[in-house]
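Structure record follows, encoded as structure tokens.
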Amino acid sequence: LISPTTRHLIHLGTETTVGSPTTQDDMFIRFSADEDINEYTVEATNTAGTQRLQDGTKIMGAVVAKENILVWTDNALYAMKFVGAPFTFGFEQVGTNCDTTKGQQVNAGINNLFTEVIWWYPTQGATYNDRYVVFNYGETNKTPLPMGNWYTGTNENSMRTTWIDSL
């Protein structure tokens with residue numbers, strides 16, 4: 001995610017030590033220096049930094065909202081706001097008991113290039129959207145009436161949580 005006003009690259013649920021997969025922490029946030037997506041070393045001379053959120057076991061997602069970035073975990077909602085030196089971003093817990101249900105994990109998108117609407121959803125016991133269903137409104141079954149075609153599949157390569165159509 002990119003901070004829209006300060007242009008920091010923000011990683012959610014990342015490694016506490018860059019390049020060390022064994023330090024993966026699902027509650028850890030790391031952000032680059034402003035205007036420099038390759039600078040993550042925290043120094044007094046730059047705006048790179050880190051923060052570990054406390055309430056929850058993993059970060060579920062984030063969205064840019066006016067002057068904040070809203071970050072939700074499996075139990076809480078945080079507002080991440082640019083505050084300047086020396087901390088760069090301030091984090092305030094603004095909600096609790098915000099645990100998600102399967103219905104809240106469902107995401108949808110439209111793919112105009114292929115005349116499709118797609119929904120991603122988690123199956124029983126899944127912690128991410130591991131299945132999808134597609135309705136292709138451009139393809140038609142001629143009998144008895146034109147209705148479009150439906151497809152289903154398994155999402156094995158990524159955890160789909162958002163979608164934006166091509167321009």
Side-chain angles (χ1 to χ4, degrees), residues 1-101 103-114 116-122 126-130 132 134 155-167:
L1 156 69
I2 301 277
S3 170
T5 55
T6 62
R7 298 174 43 133
H8 289 84
L9 181 59
I10 302 166
H11 300 270
L12 306 165
T14 189
E15 303 159 342
T16 58
T17 303
V18 176
S20 178
T22 60
T23 65
Q24 175 73 34
D25 184 341
D26 293 338
M27 294 289 286
F28 196 74
I29 296 175
R30 177 181 307 284
F31 46 93
S32 71
D34 60 322
E35 303 283 340
D36 189 349
I37 64 170
N38 295 310
E39 181 58 57
Y40 292 94
T41 304
V42 180
E43 297 176 346
T45 57
N46 70 23
T47 59
T50 63
Q51 177 72 33
R52 187 177 194 287
L53 303 179
Q54 297 301 311
D55 192 354
T57 62
K58 66 180 173 178
I59 294 172
M60 302 299 290
V63 65
V64 175
K66 200 158 184 166
E67 298 194 16
N68 293 301
I69 295 170
L70 299 175
V71 180
W72 65 94
T73 71
D74 55 352
N75 193 57
L77 177 65
Y78 288 87
M80 176 179 173
K81 185 174 185 172
F82 180 74
V83 294
F87 300 111
T88 308
F89 287 101
F91 293 81
E92 178 184 2
Q93 186 172 347
V94 294
T96 191
N97 296 322
C98 303
D99 53 320
T100 61
T101 65
Q104 292 169 315
Q105 290 178 266
V106 174
N107 289 281
I110 188 164
N111 185 343
N112 280 308
L113 182 62
F114 295 102
E116 295 174 336
V117 179
I118 186 168
W119 293 266
W120 293 273
Y121 62 94
T127 59
Y128 67 96
N129 291 339
D130 61 340
Y132 62 87
V134 177
N155 185 25
E156 298 174 355
N157 297 323
S158 65
M159 291 187 242
R160 180 71 67 183
T161 58
T162 188
W163 176 266
I164 188 167
D165 196 18
S166 62
L167 301 176

Please report the shortest heavy-atom distance between [X] and [Y], naming the atom on each side.
X    : Y    : answer
V64  : P4   : CG1-CG, 3.4 Å
F31  : M80  : CD2-CE, 4.3 Å
G109 : W120 : N-CZ3, 4.0 Å
V71  : A62  : CG2-CB, 4.1 Å
G56  : N75  : CA-CB, 4.1 Å
A48  : T41  : CB-O, 3.7 Å

(request) Could you walk me through whether T47 and H8 pass the side-chain hydrogen bond (donor to acceptor under 3.5 Å, both in side chains) test, one step at a time? (result) CA-CA 9 Å; T47 59; H8 289 84; 2.9 Å; yes
(message) What verdict does the side-chain contact (heavy atoms from CB on, under 4.5 Å) test give for I29 and F91, after you've listed the backbone C-alpha separation in whole Å, the side-chain angles of each residue and the deciding distance to 0.1 Å?
(response) CA-CA 11 Å; I29 296 175; F91 293 81; 3.7 Å; yes
(message) Listing request: all salt bridge (Lys or Arg N to Asp or Glu O under 4.0 Å) pairs with a residue in residues 105-114, at least two apart in sequence or in separate chains.
(response)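 Every candidate salt bridge (Lys or Arg N to Asp or Glu O under 4.0 Å) pair involving residues 105-114 fails, so no pair, neighbours aside, qualifies.
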(message) Suppose the criterion is salt bridge (Lys or Arg N to Asp or Glu O under 4.0 Å): which pairs have a residue in residues 26-41, not counting sequence neighbours?
(response)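 Residue pairs passing salt bridge (Lys or Arg N to Asp or Glu O under 4.0 Å), neighbours aside: R7-E35.
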Do the side chains of [Y] and [X] get nearer than 4.5 Å, heavy atoms only?
X   : Y   : result
T88 : F82 : yes
L53 : D55 : no
L9  : I2  : yes

Please round to the nearest 0.5 Å and tell me the distance separating atom [atom1] of [X] and atom [atom2] of [Y].
X    : Y    : atom1 : atom2 : answer
D74  : I59  : CG    : CD1   : 10.0 Å
Y132 : W119 : OH    : CH2   : 14.0 Å
N97  : L77  : CG    : CG    : 12.0 Å

Once side-chain contact (heavy atoms from CB on, under 4.5 Å) is applied, do any residues pair with [X], and if so which ones, sequence neighbours excluded?
X    : result
F114 : N111, E116
T45  : E43
T16  : T23, D25, F28

(message) For the CD1 atom on I37, are there more than 12 heavy atoms of other groups (residues, nucleotides or ligands in this structure) within a distance under 6.0 Å?
(response)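 Count not over threshold, so no.
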(request) Could you please spell out the steps behind the side-chain contact (heavy atoms from CB on, under 4.5 Å) verdict for T73 and T57? (result) CA-CA 7 Å; T73 71; T57 62; over 6 Å; no
(request) Without swapping roles, check the side chain of Q24 against the backbone of G13 for a donor-acceptor pair under 3.5 Å. (result)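 Side chain of Q24 to backbone of G13, a donor-acceptor pair under 3.5 Å: yes, one is there.
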(message) Please enumerate all residues that pass ring pair (Phe, Tyr, Trp, His ring centres under 6.0 Å) together with Y40, with sequence neighbours excluded.
(response)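 Y40: ring pair (Phe, Tyr, Trp, His ring centres under 6.0 Å) contacts with H11.
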